[in-house]
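Every number for a ligand or one of its atoms is a count from 1 in the order of the listing. Along the sequence shown, residues are numbered consecutively beginning with 1.
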Amino acid sequence: MNSQPRQREIFSAREKIKMIKHVCWDLDGTLYRPTPQLEKELNALRLKLYAELTNKRENSETWQEYQTLYAELNSHSAIFASLGKPKEYWHSHRNKLKVTTYLESEKRTVEMFKEFSKLNVTHGIFTDNMLVETKKILATMKIPLSIFKYILTIEQVGRPKPSLGGFRKVVELSKVKAEEILFVGDRVYTDLVPAKQLGMQTALVWSDEKYPEADYTFPHVADVLKVFK
Ligand SMILES: [Mg+2]
């Protein structure tokens, strides 16, 4: 078997890693995992709001309909925006659940950012969440704000993910080329597909499944550091 193409592939993967100057992180589901209890509460709230807005009953049929919409739009914020609500609608309701009461700081994630501070890589956050809540979540997770060059939230972008506008803003704020950015997220069609579309490198976290849109896939967010080691 000719080993040439394989060698070329490894070489180019290494070259790609060397190119990374900036890591942009999604927040919810990426820098922390919702507990099963939080996920349950979030789903109940999604159904309640959706049923109210569409004048339907809160039942399994309506929930199925919501899930079909999610499969199409890949974003809870986008579902409510499609019903004529403001782009912040979902997160403004979500944040009333006091998400931080469900969260605990995670040692591995905190350590990862400490290790990152020794590397020549800058960081940013791009989330569909709102700024005040983002800061609360980071404080609860004991992830210092000073790590991030920018925090891009729903208030500053025209439309929720996977809309490309916010991802273009990431390139602008990072002050590097799209291919020098590693975008880290937990959702393939919401985070990775648009990032890849603009030429960013991508990492899918909290997953064991491989996707063509993900350059790297890791079972834990702290594994992202392995890209640089
Ligand atoms: Mg997420």
Side-chain angles (χ1 to χ4, degrees), residues 23-43 45-46 66-67 69-81 87-95 97 99-100 102-106 108-109 112-113 123-138 140-141 143 147-148 150-157 159-167 169-170 181-198 200-209 211 213-224:
V23 185
C24 183
W25 305 83
D26 166 52
L27 174 73
D28 301 306
T30 294
L31 288 180
Y32 71 90
R33 291 306 281 168
T35 61
Q37 185 55 30
L38 175 58
E39 199 54 64
K40 206 175 138 193
E41 305 268 348
L42 289 170
N43 283 339
L45 180 62
R46 284 162 187 147
Y66 183 90
Q67 286 180 308
L69 260 182
Y70 185 79
E72 201 181 300
L73 299 173
N74 298 304
S75 153
H76 301 289
S77 299
I79 290 178
F80 294 105
K87 58 189 179 178
E88 300 92 344
Y89 181 83
W90 163 241
H91 275 94
S92 64
H93 282 275
R94 180 192 199 274
N95 295 343
L97 282 182
V99 170
T100 49
Y102 296 87
L103 307 184
E104 271 180 23
S105 176
E106 229 211 285
R108 276 194 71 192
T109 311
M112 172 189 70
F113 281 112
H123 299 267
I125 285 184
F126 173 31
T127 173
D128 275 346
N129 211 329
M130 298 160 89
L131 186 60
V132 173
E133 182 74 5
T134 300
K135 286 182 176 174
K136 274 190 214 163
I137 290 171
L138 292 173
T140 309
M141 299 303 292
I143 301 172
I147 290 167
F148 306 100
Y150 58 86
I151 294 177
L152 181 60
T153 57
I154 191 75
E155 295 99 326
Q156 304 160 63
V157 298
R159 286 164 64 198
K161 295 174 187 174
S163 182
L164 287 179
F167 290 87
K169 194 113 182 125
V170 165
I181 301 171
L182 177 66
F183 197 92
V184 183
D186 66 308
R187 289 185 291 172
V188 175
Y189 298 101
T190 317
D191 297 312
L192 274 53
V193 168
K196 195 113 224 100
Q197 212 173 321
L198 294 188
M200 294 181 205
Q201 301 190 47
T202 53
L204 178 67
V205 292
W206 306 104
S207 176
D208 297 317
E209 265 184 79
Y211 292 87
E213 293 85 358
D215 295 308
Y216 311 96
T217 302
F218 296 116
H220 192 290
V221 68
D223 294 325
V224 171

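Exactly one of Thr134, Asn95, Thr153 qualifies for a side chain to side chain donor-acceptor pair (under 3.5 Å) with Asn129. That residue is Asn95.
Atom CD in Glu41 sits 3.5 Å away from atom OH in Tyr102 (nearest 0.5 Å). Note that NZ of Lys135 is 12.5 Å distant from CZ of Phe148, once rounded to the nearest 0.5 Å.
If you look at Asp28 and ask which of its N, O or S atoms sits nearest the Mg ion (ligand 1), the answer is O. Nearest N/O/S atom of Asp26 with respect to the Mg ion (ligand 1) is recorded as OD2.
Inclusion of Asp186 in the first shell of the Mg ion (ligand 1) is supported: an N, O or S atom falls under 2.8 Å.
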> Are Arg187 and Asp26 close enough, and set up right, to give a salt bridge (Lys or Arg N to Asp or Glu O under 4.0 Å), and what steps lead you there?
Replying inline: CA-CA 9 Å; Arg187 289 185 291 172; Asp26 166 52; 5.6 Å; no

